[in-house]
Amino acid sequence: MTTISEEFPFADELGPFKVIRIWEPGIELRAMVVVDNVAAGPSIGGLRMAPDVSASECARLARAMTLKNASAGLPHGGGKSVLWGDPRMAPETKERLVRGFAAAIANEHSYIPGPDMGTNEQCMAWVKDEIGRAVGLPRAIGGIPLDEIGATALGLKAAAIAAQDFCDFSLDGARVVVQGFGSVGKHAARFLRGEGAIVVGASDSRGSIADPAGLDIDRLLELKSAGKGVADYDPERAGGVDAVIDIECEIWIPAARPDVITEDDVGRLKTSLILQGANIPITSGAERILHDAGVISVPDFIANAGGVICAAEEYAGAGEAATIQTIQEKVGANTAEVLERSRSQAVTPREAATVMATERVGKAMSTRRWSVF
Ligand code: NAD
């Protein structure tokens, strides 16, 4: 007989609890759900749609959700799902696949889907319509539109405020660089400006722009809503996509893609504090180098938890104002705790955060019948 680790290389003391493969030949629906851990409650995690998703990606993302949800003290475990397909397919084909996916998990109450790469509020409305269970819904059916209110960026602002106590600068007058002026990045720029910070650099997939005296955020927002790039701010002074890595600042915010900072380019950063808006934007080797150099890097599952906190509040029926308050309180408190642990135990913030989150999952598991803790 094969062992569990031979059969399932991701298995450990936390999970995964269930792995579900879905194949519906009639509509060529190929999908997978990983319910990683449900000790704290039914799992919440996004439905990702892309042609090249993989089972291991699904399992890793589900684990990340377990840690993120536990860190945020949500009554939810972690899960994730992937649906193979090009998200830009014809809308009616996409609706059929998403509804087919929802119907296939109708009785899987341990998993509550939310939006992720390739899916959005509209997709979640289809899921809700099919099975009565989804988060990240449109406002018209009781949702709190997290990208519209800037839920994740609200958390980044709270992380910045909390991190000030561990840095030698104050937010008022601090220089900020934002890599990825999208849903997360543009709201982060706006909220940090509200705290007195000056945004001196921004980028998107088409280029970058910098001004040591500060960029006009409203103009950048206007350009983006007109479908233009940040480089259109001043084409003569525009830089390449990666030029933001070299800009001197107090706060650097990756809000674009995974693995943008590696051991090879980490030495280019000239900053004191990194707030990880994107998921896994910095390799663990690069995080170690930053830590040794005295740069504080607040890890993704602590800093960018605002989106899932918003989703869980929506699911619990909370209103928008209370949700905004909760996001800031939770992310601020967690950032302070992680940085305090990192300082007192001389470990990286990610190591401190992983121990903190695992302790919290362990506490939830100790209340369950088959606990290993
Ligand atoms: P988005 O698509 O709205 O924005 C991404 C931005 O990054 C776009 O402006 C794009 O042009 C830019 N970009 C792409 N490649 C780039 C590159 N190489 N250099 C510079 N910019 C680049 O996406 P989003 O919702 O803002 O998410 C950004 C990141 O944050 C993703 O990693 C996502 O997984 C993570 N995240 C998002 C949320 C959320 O609430 N939206 C929550 C948690 C984590």
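One-based numbering, in listed order, for ligands and for the atoms of each. Numbering starts at 1 and runs along the sequence shown.
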For this session: Decide salt bridge (Lys or Arg N to Asp or Glu O under 4.0 Å) for E57 and K80; before the verdict, give the C-alpha distance in whole Å, the side-chain angles of both, and the deciding distance to 0.1 Å.
Result: CA-CA 9 Å; E57 180 181 357; K80 201 84 184 183; over 6 Å; no

Problem set entry | Any residue meeting side-chain contact (heavy atoms from CB on, under 4.5 Å) with H76, in chain and number order, not counting sequence neighbours | P42, I44, N69, L74, I112, A312, Y315

Between [options], which one has a non-hydrogen atom sitting closest to [atom]?
| atom | options | answer |
| --- | --- | --- |
| atom 15 (N) of ligand 1 | K224, R257, K186 | R257 |
| atom 5 (C) of ligand 1 | P258, A255, G46 | A255 |
| atom 11 (O) of ligand 1 | S205, G155, A305 | S205 |

Of the protein's non-hydrogen atoms, which lies at the shortest distance from [atom], and what is that distance?
| atom | result |
| --- | --- |
| atom 4 (O) of ligand 1 | G182 CA, 3.2 Å |
| atom 26 (O) of ligand 1 | V184 N, 2.8 Å |
| atom 7 (O) of ligand 1 | G180 CA, 3.4 Å |
| atom 32 (O) of ligand 1 | A256 O, 3.1 Å |
| atom 42 (C) of ligand 1 | T152 OG1, 3.2 Å |
| atom 1 (P) of ligand 1 | S183 N, 3.9 Å |
| atom 34 (O) of ligand 1 | N279 ND2, 3.2 Å |
| atom 18 (N) of ligand 1 | V241 CG1, 3.7 Å |

Exercise. Quick one: does T271's side chain have a donor or acceptor within less than 3.5 Å of a partner on E250's backbone?
Worked result: yes

Exercise. With distance as the sole test, does R268 use its side chain to make a donor-acceptor pair with the main-chain N or O of D246 at under 3.5 Å?
Worked result: no

For this session: Taking all non-hydrogen atoms of both residues into account, name the closest pair between A31 and F101 and its distance.
Result: CB-CD1, 3.7 Å

Between side-chain atoms of residues 144-162 and protein atoms elsewhere (two or more places apart, or another chain), which donor-acceptor pairs fall under 3.5 Å?
unit_1	atom_1	unit_2	atom_2	d
E148	OE2	R139	NH2	2.6
T152	OG1	G307	N	3.3
K157	NZ	Q328	OE1	3.1

Problem set entry | Atoms of ligand 1 close to F181 [distance to a heavy atom under 4.0 angstrom, numbered from 1] | 9 (O)

Seminar exercise, completed: The atoms of ligand 1 lying under 4.0 Å from a heavy atom of L146, numbered in the order shown, are 40 (O)

Exercise. What do you reckon, does G277 put a non-hydrogen atom under 4.0 Å from ligand 1?
Worked result: yes

For this session: Using salt bridge (Lys or Arg N to Asp or Glu O under 4.0 Å) as the criterion, point out the one residue from K186, R257, K224 that pairs with D204.
Result: K224

For ligand 1, is any non-hydrogen atom under 4.0 Å from [X]'s backbone (N, CA, C, O), its side chain (CB onward), both, or neither?
| X | value |
| --- | --- |
| D204 | both |
| D147 | side chain |
| V260 | neither |

